[in-house]
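Since the structure comes first, as structure tokens, the remarks are kept for the end.
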Amino acid sequence: MKNNIAILLKIILINQFKLNKLKETKGSEKAKFVMIGVAVCFVGAILALYSFMLGLGLGVIGIGNVIPGYAITLVGLITLFFTIFKSNGVLFGTRDYEMLMSLPVKTSEIIASRFLHMYLMNTIFAALIMLPLGITYYIFEKPQEIFAIIWLIGILLSTLLPTALAAIIGGIIAYIAAHFKYTNAVATIFSIVFVIGILMSSFLLGGVEESDIPMMEIAKLGEFMSDELHKIYPISSLFDKAVINYDIIALILFVVLSIGLYLLFVKVLSLRYKWINTALITHRTKSDYKLQRLSTSSVLTALYKKELKRFFSSYSYILNMGIGAVMAVMLAVAVFIAEPATIEKWIEIPNVQPIIVNIIAFVFSTVLALTCTTSVALSLEGKNLWILKSLPITTKAIMDSKILVNLTLTLPTCLLFGTLMNIKFQTDIITRCFFYLVPVVYSLFTAVWGMFINTRFPNYEWESETAVIKQGLSSMVGMLGGALFAIVPIIVLIALQNVSYQLISGITILVVSAAGSVLYHRLGTYRL
């Protein structure tokens, strides 16, 4: 059994990282793999540096004892949040499901290999956060030698419980959705509602008034923060006791809970795994078809409708690439309802209240940039790309149809944001125009940027669309690139408060528009 799990896991990893193809590629193709590796390492280094600075900040103000609970909570919540999107597409409704079920392996072995793949990817992420935090804890708290062993166990198990919980939630959503006619639509709605619930809960749990924090006594501040972390993520209390007090019983309970839930998950899911997947990959058909008048449309309209159906037919596609628009709507509504002081607290930048009006459009654009469907739209054609290539249509029409789908999601959100901000803030006419113009410009740029990146790093040889949507370099660079372009002016506006806001915003709009125009022109010369 263990050998089968290891073999299946090995195959998944080889396919994901294209290790067999890497052996055969030479020259420019191999250089592309190297570039991807360098980009991933760079992002990992940035994440590790950020984690180290977080731990350093906690240690400098004298509450280094908070670091263990902070580390395990941060990893747990991020893992839970993002793995929910991944489970339906890795565990359920996979493209190779029928092939796997025909193999002489147990259902539990297939589930275990798929789950361990998610766990392994999450653990690499956890190490990038917990190792730097562990170093800062060692520097400030000077723990005993056994600390290293406990911390290593924490890294290895920090994602096991949240991954299992996320998979359970994904399984429940898939199970419920399988009872409905439109399975994917129901699963998507349930997942979006759950994600919104998590985001709202985090706001409520994190909404602590400054008057509640005992700033005069550092020891009480550390105790207060630990209590808050334990409320948000209860299992962090066990890890806290194991690291700080060297409590072996707490460590054993932490290990048993993490591994026990995983084993229980595999056992229970194996009982209904076939039924859930069968319901997800089969479709209902009507037998009362009647030939009526057929309507025709232009090439671009037909391609656009095809792309729109492709987007809304994929659970993973909607959740991973559409979540930015959902979060952007929540942000717009929250800013509209909240008081300026509350907004300042959310942004977590001191003394920023006077320029909230100036930066809020860029903050919104940063969040909205996470909706970048074009960064994977071309890759998702997969092995069916030859169909598009054989049709008498231009490459530009194909690109435009995919860009229009992205804009269909983002432009209405921009209009909603602009309208709410104009009602919320009493300001000059230019700033009122910027509330609309800034998000719209960034939406256009993000759509074109994602399309450009996908033409440079396409992936047509995939077995699961999740590998493209969730783990592909094109997906990551597409989403983060647009967000980075929006973060830069925020930093400039905060740093140069004496310079005219309207001047900086106007220059930014011109630069982003020009960059988008250049990229769009480059797309016009691309050939599939």
[X] vs [Y] side-chain heavy atoms within contact, under 4.5 Å:
{"X": "F115", "Y": "L160", "value": "yes"}
{"X": "S379", "Y": "F457", "value": "no"}
{"X": "F485", "Y": "V511", "value": "no"}
{"X": "L80", "Y": "I169", "value": "yes"}
{"X": "V363", "Y": "V335", "value": "no"}
{"X": "T508", "Y": "V492", "value": "no"}
{"X": "P143", "Y": "V243", "value": "no"}
{"X": "F311", "Y": "L409", "value": "yes"}

[X] side-chain N/O to [Y] backbone N/O, donor-acceptor pair under 3.5 Å:
{"X": "T371", "Y": "A325", "answer": "yes"}
{"X": "T136", "Y": "L133", "answer": "yes"}
{"X": "S108", "Y": "K267", "answer": "no"}
{"X": "S475", "Y": "I469", "answer": "yes"}
{"X": "W151", "Y": "M130", "answer": "yes"}
{"X": "N454", "Y": "G450", "answer": "no"}
{"X": "S505", "Y": "Q502", "answer": "no"}
{"X": "E141", "Y": "Y138", "answer": "no"}
{"X": "T446", "Y": "S443", "answer": "no"}
{"X": "S113", "Y": "I110", "answer": "yes"}

Inset, instruction - Verify the ring-centre separation between Y262 and Y119: is it less than 6.0 angstrom? - result: no
What distance separates [X] [atom1] from [Y] [atom2], expressed to the nearest 0.5 Å?
{"X": "L437", "Y": "Y442", "atom1": "CG", "atom2": "OH", "answer": "11.0 Å"}
{"X": "L47", "Y": "F125", "atom1": "CG", "atom2": "CZ", "answer": "5.5 Å"}
{"X": "H117", "Y": "R114", "atom1": "NE2", "atom2": "CZ", "answer": "8.5 Å"}
{"X": "I323", "Y": "L370", "atom1": "CD1", "atom2": "CG", "answer": "9.5 Å"}
{"X": "Y501", "Y": "N358", "atom1": "OH", "atom2": "CG", "answer": "5.5 Å"}
{"X": "N245", "Y": "L251", "atom1": "CG", "atom2": "CG", "answer": "12.5 Å"}

Closest contact, heavy atoms only, [X] versus [Y]:
{"X": "Y233", "Y": "S158", "answer": "OH-O, 4.2 Å"}
{"X": "I453", "Y": "G478", "answer": "CG2-N, 4.4 Å"}
{"X": "D240", "Y": "G69", "answer": "OD1-N, 3.0 Å"}
{"X": "A242", "Y": "A250", "answer": "N-CB, 4.2 Å"}
{"X": "F417", "Y": "I360", "answer": "CZ-O, 3.8 Å"}
{"X": "Y246", "Y": "Q144", "answer": "OH-N, 2.8 Å"}

Inset, instruction - Just do the side-chain contact (heavy atoms from CB on, under 4.5 Å) check on W449 and V477 with the steps written out, would you? - result: CA-CA 9 Å; W449 164 261; V477 177; 3.9 Å; yes
Legend entry - No-hydrogen, no-angle side-chain donor-acceptor test under 3.5 Å, T79 and N122: no
Legend entry - Modelled atom types, side-chain donor and acceptor of Y436 and T419, under 3.5 Å: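 Y436 vs T419: donor-acceptor pair found between side chains.
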Legend entry - side-chain contact (heavy atoms from CB on, under 4.5 Å) involving L257 - partner list, sequence neighbours excluded: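 Applying side-chain contact (heavy atoms from CB on, under 4.5 Å) to L257 gives I235, L238.
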Inset, instruction - Run the numbers on S51 and L128 for side-chain contact (heavy atoms from CB on, under 4.5 Å), then give the verdict. - result: CA-CA 8 Å; S51 301; L128 293 173; over 6 Å; no
Inset, instruction - Determine whether more than 12 heavy atoms belonging to other residues, nucleotides or ligands lie under 6.0 Å from atom CD1 of I423. - result: yes
Legend entry - Residue among I504, L503, L510 satisfying side-chain contact (heavy atoms from CB on, under 4.5 Å) with I507: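 Only match with I507 under side-chain contact (heavy atoms from CB on, under 4.5 Å): L503.
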Legend entry - CA sep, side-chain torsions, deciding dist, call: I168, L261, side-chain contact (heavy atoms from CB on, under 4.5 Å): CA-CA 10 Å; I168 289 171; L261 185 61; 3.9 Å; yes
Inset, instruction - Show your reasoning for whether side-chain contact (heavy atoms from CB on, under 4.5 Å) applies to F364 and T413. - result: CA-CA 10 Å; F364 175 82; T413 310; 3.6 Å; yes
